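Being a predicted model, the structure only gives us computed values, none of them experimental.
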Amino acid sequence: MTGHAHYVLIVHEVADYAAWKAVFDDAAPMRKAAGEIEYRVLRQEHDANQVVHFSRWTTLAAARTFFESPDLVRIRAEAGVRAPTFRYLENLEDGIL
């Protein structure tokens, strides 16, 4: 499947996964309203506090507006997020092997 899907890959360390996840879950309606369509939460194999949030968005502009908003900066701080790295990505190709 190919198409013009838009994704955001965020890698960050969290102070406490359970606390981060509660804030993440509470923000679901806000994320959906902003244009997030689907997501995956992953962690590094041996470190539960190294979290990856991979999500599909309606547009990259909508994702940037959301993630760069003052509200999200504050929410990330409340959730114990440290040094997030954002990658805004456009899909080139999907496949199943």
Side-chain angles (χ1 to χ4, degrees):
M1 175 173 123
T2 58
H4 297 288
H6 310 283
Y7 295 91
V8 178
L9 175 70
I10 307 168
V11 179
H12 46 49
E13 181 179 344
V14 297
D16 175 80
Y17 175 77
W20 173 85
K21 184 65 165 71
V23 173
F24 178 81
D25 290 345
D26 286 347
M30 183 187 309
R31 296 190 339 258
K32 182 175 181 176
E36 187 174 8
I37 298 166
E38 65 181 328
Y39 71 91
R40 286 188 171 88
V41 173
L42 305 101
R43 71 175 176 105
Q44 296 216 10
E45 182 179 15
H46 299 292
D47 186 350
N49 292 331
Q50 291 291 326
V51 176
V52 174
H53 172 203
F54 182 66
S55 53
R56 185 165 62 102
W57 285 77
T58 53
T59 67
L60 292 181
R64 268 194 198 91
T65 297
F66 179 75
F67 287 119
E68 295 173 9
S69 73
D71 284 343
L72 257 289
V73 171
R74 178 184 50 76
I75 287 170
R76 279 195 296 273
E78 289 173 3
V81 171
R82 298 185 199 119
T85 301
F86 293 83
R87 297 287 184 263
Y88 296 93
L89 307 164
E90 291 192 5
N91 190 51
L92 294 177
E93 182 176 340
D94 293 323
I96 298 175
L97 301 177

Colleague: Drop me the distance from Q50's CD to R43's CZ, to the nearest 0.5 angstrom.
Modeller: 11.0 Å
Colleague: What I'd like to find out is whether the side chain of R40 reaches to under 4.5 Å of the side chain of S55, using heavy atoms alone.
Modeller: no
Colleague: Salt bridge or not between D25 and K21? Use side-chain N to carboxylate O under 4.0 Å.
Modeller: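 Salt bridge between D25 and K21, a charged N being under 4.0 Å from a carboxylate O: yes.
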Colleague: For R74, I'd like to know if atom CZ has over 12 heavy atoms of other residues, nucleotides or ligands within 6.0 Å.
Modeller: yes
Colleague: Shared ILVMFWY cluster between W20 and Y39, side chains joined below 4.5 angstrom?
Modeller: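 In one cluster with W20: Y39, yes.
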Colleague: Any chain of hydrophobic side-chain contacts (each under 4.5 Å) joining V8 to V52?
Modeller: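 Not linked; separate clusters.
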Colleague: Are R82 and R76 close enough that some pair of their side-chain heavy atoms sits under 4.5 Å apart?
Modeller: no
Colleague: Looking at side-chain heavy atoms only, is the closest gap between Y88 and Y7 below 4.5 Å?
Modeller: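 No, every pair of side-chain atoms sits at 4.5 Å or beyond.
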Colleague: Hydrophobic cluster membership, with links at side-chain heavy-atom distances under 4.5 Å among I/L/V/M/F/W/Y: are V41 and V23 in one?
Modeller: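 Hydrophobic grouping puts V41 apart from V23.
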Colleague: Is the closest side-chain heavy-atom distance between V81 and E13 below 4.5 Å?
Modeller: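 With C-beta onward as the side chain, the pair stays apart.
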Colleague: Can you tell me how far NE2 of H6 sits from CD of E90, rounded to the nearest 0.5 angstrom?
Modeller: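 Those atoms lie 5.5 Å apart.
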Colleague: So, taking the atom named CZ in F67 and the one named CD1 in I10, what distance separates them when rounded to the nearest 0.5 Å?
Modeller: 3.5 Å
Colleague: Identify the heavy atoms of A34 and A62 that sit nearest to each other, and give their distance.
Modeller: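 Looking at all heavy atoms of both residues, the closest pair is O-CB, 3.5 Å.
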Colleague: Looking at every heavy atom in both E93 and N91, which two are closest together, and how far apart are they?
Modeller: O-OD1, 3.5 Å
Colleague: Apply side chain to side chain contact (heavy atoms under 4.5 Å, CB included) to F66 and L72, showing your working.
Modeller: CA-CA 7 Å; F66 179 75; L72 257 289; 3.4 Å; yes
Colleague: When clusters are formed by joining ILVMFWY residues with side-chain heavy atoms under 4.5 Å apart, either directly or through shared neighbours, do L89 and I37 land in the same one?
Modeller: no
Colleague: Around atom CD of E45, are there more than 12 heavy atoms of other residues, nucleotides or ligands at under 6.0 Å?
Modeller: no
Colleague: Please confirm whether F24 and Y17 have ring centers closer than 6.0 angstrom.
Modeller: no
Colleague: Would F86 end up clustered with V51 when hydrophobic side chains under 4.5 Å apart are linked, directly or stepwise?
Modeller: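 No, no single cluster joins them.
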